[in-house]
Amino acid sequence: MEQAAADAPGARSVPVCYRHPDRETGVRCTRCDRPICPECMVDASVGFQCPDCARGGAPASGGTASAPADTRPRTLAGGTLTRDPRLVTKVLIGLNLALFLAKLSLGDVFTNQLDLIGRAYAPHLTGIQGVAEGQWYRLLTSMFLHGGYVHILFNMLSLWWIGGPLEAALGRARYLTLYLVCGLAGGALTYLLAAPNQPSLGASGAIFGLFGATAVLMRRLRYDMRPVIVLLVVNLIITFGVPGIAWQAHIGGLVAGVVVGYAMIHAPRERRALIQYGACALVLLVVAVLTLVRTLQLT
């Protein structure tokens, strides 16, 4: 029933400023491509330059405070830089913990109303329950439920270790979109392939998606990929080797994370938003098709 994550922290997934090694940043100089922190950003005609390139090129045009929207400091994926680059990750962790406390207080009757189940009778509830009965919300709500202390501990630690640096690299909106899309993709594949009376819950699908996007980011930054490969192999071994894990959610989330992560990180600047959110829409379309196919099978 439980869907535990086995992720572990990998190598640093966000570069550091070339002048301030203690500061992570997702912004790069538009001329030399070196990572620069907000203090080192010099507003240029297009984007931002490092102090060295600014001194050797055209005169800079003032500070960042009055920069137009299209030249404000941006992350590697085009997101807006924020004071707290882990805010969304903290909110997601808080939401998961809040629902876990609700489960402890209200018992299984609470979980049975929100977990992912295809079509079956659920304890403490009246009538047949499940996504096939029109309860589409279960694909979303099940992402924020956990079965026990170990389950939520592993998932929240993984979310903090992996999600924080990825949020800093993508920006809040893109990071949250990636998280939700991957979670829904994992839920849709579970709904399609798992037994209709087998309940599933947990954030593992979304977290595996973040893991896949992190691998794409590390390759883009030309980091050593061996730690990511080792972590991926270990995760897959645990996914398929430990009973009770919904492997469908892990695989669905991972594939969606690689696809959406590649679009987020490699989209050309001139068509960035179109490609990034177009990839998300494409994955959501696949989610809708899988859900419809399974519903037709069960009804």
Side-chain angles (χ1 to χ4, degrees), residues 3 5 7 13-14 24-27 69 72-100 114 116 136-146 152 155-188 201-217 220 249-250 252-267 272-288:
Q3 177 184 311
D7 300 314
S13 58
V14 179
E24 293 182 342
T25 179
V27 180
R72 288 175 186 163
R74 296 284 175 178
T75 66
L76 180 68
T80 303
L81 289 180
T82 58
R83 290 183 177 272
D84 185 358
R86 289 178 177 255
L87 178 62
V88 174
T89 300
K90 295 174 182 177
V91 172
L92 289 173
I93 292 176
L95 182 58
N96 279 275
L97 291 176
L99 291 180
F100 185 70
L114 302 175
L116 178 57
W136 311 101
Y137 59 85
R138 289 178 178 269
L139 292 169
L140 178 65
T141 56
S142 61
M143 296 165 47
F144 300 94
L145 299 174
H146 293 83
I152 193 169
N155 274 356
M156 294 305 99
L157 286 177
S158 299
L159 179 55
W160 179 255
W161 286 329
I162 299 174
L166 191 59
E167 180 182 350
L170 298 182
R172 290 175 180 173
R174 289 165 174 80
Y175 170 74
L176 180 59
T177 302
L178 172 71
Y179 184 91
L180 295 176
V181 168
C182 292
L184 289 172
L201 72 171
S204 304
I207 292 173
F208 264 71
L210 300 185
F211 184 83
T214 297
V216 174
L217 176 63
R220 165 67 174 80
H250 292 191
L254 180 63
V255 172
V258 171
V259 172
V260 176
Y262 191 91
M264 292 278 187
I265 294 166
H266 289 276
R272 177 179 282 160
L274 176 63
I275 293 176
Q276 290 173 339
Y277 291 107
C280 294
L282 179 61
V283 174
L284 289 178
L285 178 61
V286 174
V287 168

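A donor-acceptor pair under 3.5 Å links the side-chain atoms of R174 to the main chain of A77, judged by distance alone. Judged by distance alone, the side chain of Q276 and the main-chain N or O of G78 form no donor-acceptor pair under 3.5 Å.
Applying the side chain to side chain contact (heavy atoms under 4.5 Å, CB included) test to V258 and every residue at least two apart in sequence or in another chain returns V216. In this structure, the side chain to side chain contact (heavy atoms under 4.5 Å, CB included) partners of T89, at least two apart in sequence or on a different chain, are I93, L159, W160, E167, Y175. With sequence neighbours left out, the ring pair (Phe, Tyr, Trp, His ring centres under 6.0 Å) criterion links F144 to no other residue. With sequence neighbours excluded, the residues satisfying salt bridge (charged side-chain N to carboxylate O under 4.0 Å, His left out) with R138 are D115.
Between A168 and T75 the shortest heavy-atom distance is O-CG2, 3.5 Å. A256 approaches C182 most closely through the heavy-atom pair C-SG, 3.9 Å. Across all non-hydrogen atoms, the minimal contact from A185 to G252 is CB-O, 3.7 Å. Between C280 and V181, the shortest heavy-atom distance links the atoms CB-CG2, 4.2 Å. When all heavy atoms are compared, the tightest approach of I207 to S158 is CG2-CB, 3.8 Å. Scanning both residues, A203 and N155, for their nearest heavy atoms gives N-ND2, 3.4 Å.
Atom-to-atom distance recorded for L87:CG and L176:CG is 10.5 Å, nearest 0.5 angstrom. Rounded to the nearest 0.5 Å, atoms CG (L178) and CG (L210) are 5.5 Å apart. Between the CD1 atom in I162 and the CG atom in L157 there is a gap of 10.5 Å [rounded to 0.5 Å]. Rounding to the nearest 0.5 Å gives a distance of 8.5 Å between CG of L184 and OG of S142. A distance of 9.5 Å separates CG in L76 from OG1 in T25, rounded to the nearest 0.5 Å. Interatomic distance, W161 CH2 to M156 CE, rounded to the nearest 0.5 Å: 12.0 Å.
Contact check for R172 versus P85: no side-chain heavy atoms found under the 4.5 Å cut-off.
A distance below 6.0 Å separates the ring centres of H250 and F208.
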Exercise. Carefully, step by step, assess V259 and V283 under the rule side chain to side chain contact (heavy atoms under 4.5 Å, CB included).
Key: CA-CA 8 Å; V259 172; V283 174; 4.3 Å; yes

Self-check item: Full working for side chain to side chain contact (heavy atoms under 4.5 Å, CB included) between L140 and L180
Solution: CA-CA 8 Å; L140 178 65; L180 295 176; 4.2 Å; yes

Exercise. Could you walk me through whether L201 and L116 pass side chain to side chain contact (heavy atoms under 4.5 Å, CB included), step by step?
Key: CA-CA 6 Å; L201 72 171; L116 178 57; over 6 Å; no

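Within the structure, the ring-ring contact (aromatic ring centres under 6.0 Å, His included) test picks out no pair touching residues 74-97 (sequence neighbours left out). The salt bridge (Lys or Arg N to Asp or Glu O under 4.0 Å) pairs that include a residue from residues 89-98 are D84-K90, where partners are two or more places apart or lie in different chains.
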